[in-house]
Amino acid sequence: MPYRAPVSELKFVLDKVVGFDRVAATDRFAEATPETVDAILTEAGRMCEEVLAPLNRAGDLHPAHLENGVVRTSPGFAEGFAAIAEGGWLGMSADPDYGGMGLPIALTMAVNEMMGSACLSLQLNPLMTQGQIEALEAHASPEIQALYIPKLISGEWCGTMNLTEPQAGSDVGALRSRAEPNGDGTYAVTGQKIYISWGDNDFSGNICHLVLARLPDGAEGTKGISLFMVPKRIPDADGNPGVANALNVVSLEHKLGLHGSPTAVMQYDGATGWLVGEPHKGMAAMFTMMNNARLGVGVQGLSIAEAAMQHAVGYALERRQGRTPDGPEDNGCTILQHADVRRMVLSMKADTFAARALALDCAVALDMAKATGDADWQARGAFLTPIAKSFGTDTGIKVAGDGIQVHGGMGFIEETGAAQYLRDVRVTAIYEGTNGIQAMDLVGRKLMDGGAAAFAVLDQIETTKNDALRDAVSDLRKLTEWMVGQDMQDRFAGSVSYLNAFARVLGVHYHLKAAESDDARAPLARFAAGRMLPEALAEMAKARTGAGELYAVSNEVIAA
């Protein structure tokens, strides 16, 4: 079944659910008029349907591979990336002074969703480049900005982020990569990095690696880490790719999914690099890129949810099997008429809508923070980011799994394409901080304000006329107060459940708000409320259990 870009749905959520008009009303984003939004989403949707979607299966069947030290990408990916670059989609939110459009992050996320649904393996490349542009805008010297950002925006060059090492995964502070001053303002960067998405390709003039490493006087742990720009080819005096830098792709990972996206092991052997930001402040600079990517990865989960849902609904409308009491007598009925299939499809649709609204709500908060500098908007965007990342990716995994189930036995057959969605989306709950780490961040850093940001979000929802939702908000408020009073280990033990409860309550809020603007959405909103709110209550109960029960079971019993 061909992918259909959900342009009208995106516009509805922006207009009627998350209040994008507030963003367009600011001086910074005044050009994001309804006409501009419509033109952007329509044009991007056309590209995704016609150019990117046909590449999805090719990337899965013909993975990127390493050939004599050079990464060879999947058939058609070079042309697909060229279409993305020529459309200006890489620099949608980038500074116009460097060639970007200067548009809101919410619009970038909407376009990214469509690109990810069409071909997630390829969309990973723009996501990394967009994050690098934002990090350079915020932290790099004017010289680095002037050299690199225009080329990243145009698509001449691509960007990556290099954090993880074999011994330093989530514990980034354990990294061993080092950077020695060369005496001329550059540094010799040495070390090995793993899991580097799009670490190399055969269609870009240069690959720009942002690499975390430790200076000779850098303290142990994250506080002693610095960030460096280490290009594949060292720019010459005219800013063109010059001699090869002392780095190479050691190997490409053989992965469960995303076969079209080369995930590299990178080796740096005294490679020439330039400091980005202040010495020993690399984590702060890299977090700019990571926070952008965390919302972006949540959108990737949403992307697969939308694509897998479309695929499953298309099959359910065509496949005839059995009869139902109210179904046709001749030739059986479509499986969509069967209650359990209908339950799965409606759950897929309800969760996908909630994930989209959550991601765009978070993006609007980030846009408002950027446009106004208001601390409340900044706090809201920061609070919603881990929820959007986790719920978006969990939704992608669940919807893709249900999509296989809707297909029945055919879902387990690769030729139908249903299994690829699950294989491709599974990693999104792991990278850019596992969903468990997102939950720990939510109950840790994000509750350091005593729960103020959480309470502000709940205040908005509490105005609902729906009694069940209002009761759930009250329970979630009490749970937040309880969380703030616990030690960190007990918070961590209930963190995933706390995040899930918040996501479920927000999801019902978005559905009910949509139904207020469109009566036709009321039945789905009632379905969502009937399913999501009981789940939220169960998650709240689990969140209060604390860490004691986790450690009451000995390692010997676990290993037995």
Find out whether T352 and L302 are in side-chain contact, i.e. whether some heavy atom of one side chain is under 4.5 Å from a heavy atom of the other.
-> yes

Is any side-chain N of the basic residue among D351 and R504 closer than 4.0 Å to the acidic one's carboxylate O?
-> yes

So does D217 have more than 12 non-hydrogen atoms from other groups sitting under 6.0 Å from CG?
-> yes

Regarding E165 and S177, is there a side-chain donor-to-acceptor distance under 3.5 Å anywhere?
-> yes

So, D441 and R445, do they make that salt bridge, N to O below 4.0 Å?
-> yes

What's the shortest heavy-atom distance between L258 and D424, and which atoms?
-> N-OD1, 2.6 Å

Where the side chain of E306 meets the backbone of M114, is there a donor-acceptor pair that is under 3.5 Å apart?
-> no

Within a strict 4.5 Å, meaning less than it, do heavy atoms of the V473 and H509 side chains meet?
-> no

Worked verdict on E432 versus K389 for salt bridge (Lys or Arg N to Asp or Glu O under 4.0 Å) = CA-CA 9 Å; E432 300 308 332; K389 192 277 182 180; over 6 Å; no

For M448, does the CE atom have more than 12 heavy-atom neighbours from other residues, nucleotides or ligands under 6.0 Å away?
-> no

Taking all non-hydrogen atoms of both residues into account, name the closest pair between P126 and M115 and its distance.
-> CB-CE, 4.4 Å

State whether R28 and D367 are salt-bridged, where the test is any N-O pair (Lys NZ or Arg NE/NH1/NH2 against Asp/Glu carboxylate O) under 4.0 Å.
-> no

Donor-acceptor pair, side chain of K513 and main chain of V17, under 3.5 angstrom = yes

Please examine the side chains of E143 and W274, heavy atoms only from C-beta on, and report whether any two atoms are closer than 4.5 Å.
-> no

Between the main-chain N or O of I387 and the side-chain N or O of S390, is there a donor-acceptor pair closer than 3.5 Å?
-> no

So do the side chains of L212 and K193 get within less than 4.5 Å of each other, counting heavy atoms only?
-> yes

Kindly give the heavy-atom pair with the smallest separation between A359 and A388, and that separation in Å.
-> CA-CB, 4.3 Å

Taking all atoms of both residues into account, what is the closest heavy-atom pair of G451 and T480, and its distance?
-> CA-CG2, 4.3 Å

Any side-chain heavy-atom pair from W482 and L479 closer than 4.5 angstrom?
-> yes

Please report the shortest heavy-atom distance between A357 and V13, naming the atom on each side.
-> CA-CG1, 3.8 Å

How about F228 and Y268: are their ring centres within less than 6.0 Å of each other?
-> no

Classify the angle between the aromatic ring planes of F353 and H511 as parallel (below 30°), tilted (30 to 60°) or perpendicular (above 60°).
-> tilted

E137 side-chain N/O to A94 backbone N/O, donor-acceptor pair under 3.5 Å | no

R426 side chain to I397 backbone, donor-acceptor under 3.5 Å | no

Donor-acceptor pair, side chain of W157 and main chain of P150, under 3.5 angstrom | no

Looking at E539 and K542, does any basic side-chain N land under 4.0 Å from a carboxylate oxygen?
-> yes

Between K398 and D402, is there a salt bridge with N-O shorter than 4.0 Å?
-> yes

Does a sphere of radius 6.0 Å around CD in E481 hold more than 12 heavy atoms from other residues, nucleotides or ligands, not counting ones at 6.0 Å or beyond?
-> yes

Look at the side chain of R22 and the backbone N and O of G19, then say whether any donor-acceptor pair between them is shorter than 3.5 Å.
-> yes

Test item: R521 and K16 side chains (from C-beta on) under 4.5 Å apart, heavy atoms = no

Looking only at atom types and distance, does a side-chain atom of R470 sit under 3.5 Å from a main-chain N or O of T464, one as donor and one as acceptor?
-> yes

Could you tell me whether the side chain of T428 and the main chain of G301 form a donor-acceptor pair under 3.5 Å?
-> no

Does S226 use its side chain to pair, donor to acceptor, with the backbone of R214 at less than 3.5 Å?
-> no

For A284 and H139, the nearest pair of non-hydrogen atoms, with its separation, is O-NE2, 3.8 Å

Looking at side-chain heavy atoms only, is the closest gap between L124 and Y431 below 4.5 Å?
-> yes

Is the closest side-chain heavy-atom distance between Q145 and I149 below 4.5 Å?
-> yes

For the residue pair Q489 and Y551, confirm or rule out a side-chain donor-acceptor distance under 3.5 Å.
-> yes

